[in-house]
Undergrad: 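What follows is a structure written as structure tokens; I'll ask about it next.
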Amino acid sequence: MDSLVAVEKEIDKALDLFENFYDGVDQNLNKAIDHLVSIINDLTKIESEQTFKLSADDSISMCKEQVKELIKHYSDKHKDLHANISKIGKAIDKNFVADYGNMSHVNLIDTVEKKMHLNEAICEHLLRSGHLEVCETLVEEAGLVKKIDEDKKRPFVQMNYILNKLKEKDVSPALEWCQINCKELKAISSNLEFKLHRLRFIQLIQQGPKAQLEVLKYSRNFTQFANDCHKEIQRLMGSLIYLNSGLENSPYSCYLGAELWEEIEEEFTKNACKLMDLPVECPLDVCINTGCRALPALVNIVQVMQQTQCGHILSKDELPIEIDVGQNYRFHSVFSCPILRQQTTDSNPPMRLICGHVISKDALTKLNNSGKNRIKCPYCPMEQAPGEAKQMLF
Amino acid sequence: MDDMKIIEHSTLKVPYEHLNKLYRNVHKTIDRDCSSINQSMNQIDKLAKSADLGQKSELVASLSSLVEKLHQVKKRSIEMRNQEKDLIEILKKRVNNLKDHSSSDLATRKLFFKNRLDRILIDYFLRNSYYLSAESLAEKARLKQMTNIDVFLIEKEICESLENRETQRCLNWCIENKSKLKKINSNLEFTLRQQEFIELVREQKCLEAVHHARKYFVNLNPDQLVDVQKSMVLLAYVKCSDSLCNQELLSDSRWTYLIGLFKQENYKINQIPEQSALETILQSGLSALKTPTCYQKVTAVLNHNCPVCNPNFNQIAKPLPFAYCSNSKLIDAYTGEAINEHNQPMMLPNGHVYGYNSLVKLMSENDGKIRCPRSKETFEYGEVQKVFIL
């Protein structure tokens with residue numbers, strides 16, 4: 001934040017100085033023009049030779065002084081402004097890192113195939129965020145017509161339509177969708193439909209006493225949820241008391257918040273993606289968010305490593321530092337063998353010893369070095385045969 | 001250091017460079033105007049010193065023309081004032097826009113991140129010549145002012161002319177940016193002249209080619225001299241279509257090389273980084289998310305939500321390093337919950353591991369028996385063994 005403040009300071013300074021400079025120039029020019037015009041007027045009126053010579057000489061020398069001043073001011077003061085402009089540039093260079101701190105190592109997208117993959121991923125992102133026309137333009141320009149066809153687009157088109165309607169606080173398309181996919185939603189134990197009905201109920205209540213009958217009729221929709229959500233239904237029916245006076249000043253005012261609408265959009269997206277077997281969050285989004293989180297730490301390391309000439313971090317097998325991606329973005333179990341401090345892989349899986357402790361297969365092999373058929377767990381006094389260890393799958 | 005410092009350098013530097021360029025042009029105009037006024041003033045002064053009544057009208061005329069000049073200078077200065085002010089305002093707007101990164105309001109921050117991704121995509125589109133997509137997205141997301149589309153549109157024109165085998169536009173651009181190209185020791189102008197020479201020889205206009213060489217191949221450094229020598233050989237073998245040196249010099253790949261070189265120099269003098277922001281951030285992100293599991297053949301553990309398991313990113317992330325993990329971090333393959341001291345790991349007889357909470361859930365769904373979600377085998381609770389992860 002202070003980096004922006006520093007740059008903004010220089011910009012504001014420059015703006016001020018420019019204003020003053022040009023104001024000054026304007027003033028000087030006007031003065032000079034006026035002066036010259038008055039000289040012209042005077043000279044035109046003069047008829048006598050003597051006065052003419054004198055006054056011409058006088059006034060023109062004065063004018064010459066003024067004009068020379070003006071020129072000097074115009075040129076020199078503008079030159080001075082350059083210092084302020086370059087200060088802006090220096091502030092930017094000081095407070096921001098150029099060229100991504102030399103993070104770029106090799107081209108990530110070096111083959112036509114990889115470019116196609118990236119473009120596909122971008123298309124998916126565009127479809128999800130509702131930029132359908134941009135996606136179509138990209139498909140044409142990037143030559144992806146075969147890969148991104150109507151079938152792929154259709155579910156997103158529908159999803160975006162429903163989301164847009166939700167943004168306009170219209171729940172009917174979403175409810176329709178829920179009713180069509182009722183069985184699948186039940187399988188993933190989703191209460192999306194109930195939440196949608198709830199929102200509609202609150203909308204109707206806000207219409208005041210004239211909607212009384214409609215509200216009561218609508219509440220019949222809650223019967224199917226009587227078992228799962230009866231407490232919530234009780235609360236909602238309780239809010240009917242405030243039909244006349246409105247919910248704003250009642251204990252039920254929490255139902256009027258905008259967060260409920262944001263929450264329903266998110267809930268709908270999650271459920272729709274689950275049903276369509278799609279990842280909940282767009283993969284490109286996840287990558288970019290994680291990347292932005294990881295960049296500062298990685299750039300630091302690259303700067304340090306440049307001085308030691310160990311090669312670039314992206315050319316190694318493993319990153320040199322741990323990046324905390326947050327619990328939300330942990331998609332796979334990572335088991336790090338406590339003995340060898342290596343990640344386990346297909347060829348080096350985690351093994352459970354009889355006592356319950358877990359080490360990697362390589363560690364197990366190393367423990368068995370002595371050739372005897374007994375190994376002792378590194379963490380407790382339990383002994384066993386190496387073959388008794390069981391391979392685990394997280 | 002936060003991510004904004006790393007990613008947004010060129011967002012601010014590019015309009016700054018525009019401002020710099022404009023400033024220099026404005027200063028040139030000011031110098032010109034000043035010297036012209038100076039000239040007129042000196043003339044009038046001379047005239048006035050030796051004037052008599054008869055030359056009154058002449059004097060008055062020159063004074064009037066000076067007044068006219070001053071009016072024009074005034075008009076120009078107002079124009080230049082507005083231009084310089086506009087560019088500074090653009091810089092200021094961008095700085096203000098970037099402030100949203102640290103806003104205390106979550107919704108503003110979310111919108112900023114969304115816009116940032118759109119800006120990164122627009123930059124990627126422009127670099128890869130998907131100009132229509134870039135414009136379309138910039139319009140939809142209302143981000144035109146925050147992107148450097150104008151730089152790329154100029155680049156587009158010149159690249160198109162180079163693709164049509166025309167060098168003039170690119171040469172004009174070189175002349176316009178002469179001082180900056182000199183600072184970075186650019187070879188672009190020389191390479192363009194060399195290509196012109198080759199084209200003249202290709203059309204068998206050998207005499208013109210020699211004139212051209214005499215005019216432009218001057219003040220060369222040793223590397224350029226070697227190139228010139230190679231090209232001169234072309235003159236001798238002009239009828240010989242299959243000589244090795246001819247093939248190399250006459251091939252179309254030289255034009256592709258020229259386009260690449262032009263783009264490179266264009267980025268350098270505009271302070272645009274060579275690699276796109278998208279690639280840089282993707283590299284870091286994919287690497288931080290990459291686990292050996294994503295590349296294993298056991299499909300049972302492929303996580304739908306993991307970007308690296310996504311078939312597109314899977315290919316892209318292959319050469320990147322894995323994420324480093326000092327301590328084990330386990331998640332349940334059934335529910336995605338974290339496995340830790342609150343949700344202890346339990347192993348089924350088939351070797352699959354789940355968290356305790358998942359087992360409870362599985363038992364409630366299946367009459368007290370545990371049905372492994374991955375292998376579909378059923379087990380009793382008694383067969384489950386505890387696992388200790390350190």
Side-chain angles (χ1 to χ4, degrees), chain A residues 1 4 8 11 15 22 29 33 36 40 49 52 56 60 64 67 71 75 78 89 92 96-100 103-104 108 114 117 120-121 134 137-138 141 279 283 286-288 290-292 294-296 298 316 318-319 322-323 330-336 338 345-346 356-357 391-394, chain B residues 1 3 5-6 9 12-13 16 30 34 41 45 48 53 63 67 70 74 77 81 88 91-92 95 102 117 130 132-133 136-137 140 273 275 279-285 288 291-293 296 303-307 310 312 315-316 321-322 324-326 328-331 351-353 386 388 390:
Chain A
M1 233 336 237
L4 285 174
E8 196 176 19
I11 295 178
L15 264 176
Y22 277 109
L29 277 171
I33 291 177
L36 278 172
I40 293 178
E49 177 87 30
F52 178 76
I60 301 252
K64 179 174 164 189
V67 168
I71 300 179
S75 176
H78 192 256
I92 298 177
F96 289 82
V97 178
D99 247 349
Y100 309 120
M103 261 304 288
S104 31
L108 183 65
K114 284 196 185 162
H117 283 304
E120 261 188 72
V134 184
T137 321
L138 179 62
E141 279 192 304
V286 175
C287 283
I288 298 285
T290 319
C292 291
L295 262 183
L298 291 176
K316 314 275 175 172
E318 224 180 42
L319 286 178
E322 183 157 2
I323 308 280
R330 261 186 217 123
F331 301 111
H332 296 289
S333 293
V334 178
F335 178 71
S336 175
T345 62
D346 248 350
H357 291 128
Q391 185 172 328
M392 289 178 19
L393 187 63
F394 285 110
Chain B
M1 196 193 298
D3 52 348
K5 286 196 191 183
I6 303 173
H9 178 261
L12 295 179
K13 206 76 201 292
Y16 164 76
I30 290 180
C34 285
M41 196 68 235
D45 197 41
L53 199 55
L63 281 170
V67 170
L70 286 177
K74 180 167 167 184
S77 100
R81 173 185 195 157
I88 303 185
L91 246 181
K92 195 170 162 122
V95 168
S102 334
L117 178 53
Y130 304 146
L132 293 171
S133 315
S136 171
L137 183 54
K140 283 279 150 55
Q275 196 182 47
E279 282 182 45
T280 313
I281 302 177
L282 267 183
Q283 266 175 343
S284 318
T291 59
T293 327
Q296 278 170 194
N303 188 329
H304 236 350
N305 288 316
C306 169
N310 175 304
N312 286 323
Q315 290 300 312
I316 296 178
F322 286 104
Y324 172 66
C325 222
S326 55
S328 305
K329 292 194 174 65
L330 303 173
I331 61 159
H352 290 190
V353 175
K386 211 160 177 212
F388 299 99
L390 293 151

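The figures here come from the full heavy-atom set of this structure, side chains too, leaving out hydrogens, waters and symmetry mates. Residue numbers begin at 1 in each chain, while the letters A, B, ... track the order of the sequences.
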Undergrad: If you measure from OH on B:Y16 to CD1 on A:I11, what distance do you get to the nearest 0.5 Å?
TA: 11.0 Å

Undergrad: Need one label for B:S102: side chain, backbone, both or neither, based on atoms under 4.5 Å from any heavy atom in chain A.
TA: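 The side chain, not the backbone.
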
Undergrad: Please examine the side chains of B:P307 and A:F331, heavy atoms only from C-beta on, and report whether any two atoms are closer than 4.5 Å.
TA: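 When only atoms from C-beta onward are counted, B:P307 and A:F331 do touch, with a gap below 4.5 Å.
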
Undergrad: Is B:Y130 close to chain A through its backbone or its side chain, or both, or neither, when contacts mean heavy atoms under 4.5 Å?
TA: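 The answer is both parts of B:Y130.
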
Undergrad: Taking A:L108, A:I323, A:T290, A:T137 one by one, which has the highest count of heavy-atom pairs under 4.5 Å against chain B?
TA: A:L108

Undergrad: Set out, in order, the CA-CA distance, both residues' side-chain angles and the distance that settles side-chain contact (heavy atoms from CB on, under 4.5 Å) for B:V353 and A:L393, then state yes or no.
TA: CA-CA 6 Å; B:V353 175; A:L393 187 63; over 6 Å; no

Undergrad: Okay, side chain of A:E141, backbone of B:L132: is any donor-acceptor separation there less than 3.5 Å?
TA: yes

Undergrad: Please name the pair of heavy atoms, one in A:P296 and one in B:I6, separated by the smallest distance, quoted to 0.1 Å.
TA: CA-CD1, 3.6 Å

Undergrad: Give, for atom NE2 of A:H332 and atom OG1 of B:T291, the distance between the pair rounded to the nearest 0.5 Å.
TA: 4.5 Å

Undergrad: Does the side chain of A:E322 reach to within under 4.5 Å of the side chain of B:K329, using non-hydrogen atoms?
TA: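 SC-SC contact between A:E322 and B:K329 confirmed.
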
Undergrad: What residue, out of A:K316, A:H78, A:H357, has the most heavy-atom pairs lying under 4.5 Å from chain B?
TA: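 Greatest number of close heavy-atom pairs with chain B: A:H78.
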
Undergrad: Determine the option with the most heavy-atom pairs under 4.5 angstrom with chain B, choosing from A:L4, A:V286, A:T345.
TA: A:L4

Undergrad: Take B:E279 and A:K114 through the test salt bridge (Lys or Arg N to Asp or Glu O under 4.0 Å) and record every step on the way to the result.
TA: CA-CA 12 Å; B:E279 282 182 45; A:K114 284 196 185 162; over 6 Å; no

Undergrad: Might you point out which heavy atoms bring A:F335 and B:S328 nearest each other, and give the distance in Å?
TA: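 Smallest heavy-atom distance, with atoms named: CD1-OG, 3.3 Å.
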
Undergrad: With rounding to the nearest 0.5 Å, note down the distance linking CD in A:E318 to CZ in B:F322.
TA: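 One gets 8.5 Å once the value is rounded to the nearest 0.5 Å.
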
Undergrad: Could you check which of B:K140, B:R81, B:Q283 has the highest count of heavy-atom pairs closer than 4.5 Å to chain A?
TA: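 Of the candidates given, the most pairs with chain A belong to B:R81.
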
Undergrad: Give, for atom CD1 of A:I288 and atom CG of B:D3, the distance between the pair rounded to the nearest 0.5 Å.
TA: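 The CG atom of B:D3 is 11.5 Å from CD1 of A:I288, to the nearest 0.5 Å.
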
Undergrad: Which heavy atom of B:C34 sits nearest a heavy atom of A:S75, and at what distance?
TA: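 Shortest heavy-atom contact: SG-CB, 4.2 Å.
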
Undergrad: Checking side-chain contact (heavy atoms from CB on, under 4.5 Å) for the pair A:I60/B:M41: CA distance, chi angles, key distance, verdict?
TA: CA-CA 9 Å; A:I60 301 252; B:M41 196 68 235; 4.2 Å; yes

Undergrad: Report the C-alpha separation of B:L330 and A:V334 in whole Å, then their side-chain angles, then the decisive distance to 0.1 Å, and conclude whether the side-chain contact (heavy atoms from CB on, under 4.5 Å) test is met.
TA: CA-CA 6 Å; B:L330 303 173; A:V334 178; over 6 Å; no

Undergrad: Does any backbone or side-chain atom of B:K74 lie under 4.5 Å from a heavy atom of chain A? Answer side chain, backbone, both or neither.
TA: both

Undergrad: Can you measure from CD1 (B:I30) to CD1 (A:I71) and round to the nearest 0.5 angstrom?
TA: 12.0 Å

Undergrad: Please tell me if the side chains of A:K64 and B:D45 come closer than 4.5 Å, counting only heavy atoms from C-beta onward.
TA: yes

Undergrad: Does any non-hydrogen side-chain atom of B:L12 lie less than 4.5 Å from one of A:F96?
TA: yes

Undergrad: Give me the atom names and distance for the closest heavy-atom approach of A:V134 to B:S136.
TA: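 It is CG2-OG, 3.3 Å.
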
Undergrad: Taking the side chain as every heavy atom from C-beta outward, state whether B:S284 and A:M103 have any pair of such atoms under 4.5 Å apart.
TA: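 They are in side-chain contact.
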
Undergrad: Find out whether A:C292 and B:I281 are in side-chain contact, i.e. whether some heavy atom of one side chain is under 4.5 Å from a heavy atom of the other.
TA: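 SC-SC contact between A:C292 and B:I281 confirmed.
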
Undergrad: Given the options A:G356, A:P338, A:G291, which has more heavy-atom pairs under 4.5 Å with chain B than any of the others?
TA: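 Heavy-atom pair counts peak at A:G356.
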
Undergrad: Which answer fits A:L298, side chain, backbone, both or neither, if we ask what part of it has an atom under 4.5 Å from a heavy atom of chain B?
TA: side chain

Undergrad: Give, for atom CD1 of B:I88 and atom CG of A:L15, the distance between the pair rounded to the nearest 0.5 Å.
TA: 5.0 Å

Undergrad: Heavy-atom cut-off 4.5 Å, strictly under: side chain, backbone, both or neither for A:Q391 against chain B?
TA: backbone

Undergrad: Taking side chain as everything from C-beta outward and backbone as N, CA, C, O, which of these in B:I331 sits under 4.5 Å from a heavy atom of chain A? Side chain, backbone, both or neither.
TA: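 Both parts, backbone and side chain.
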
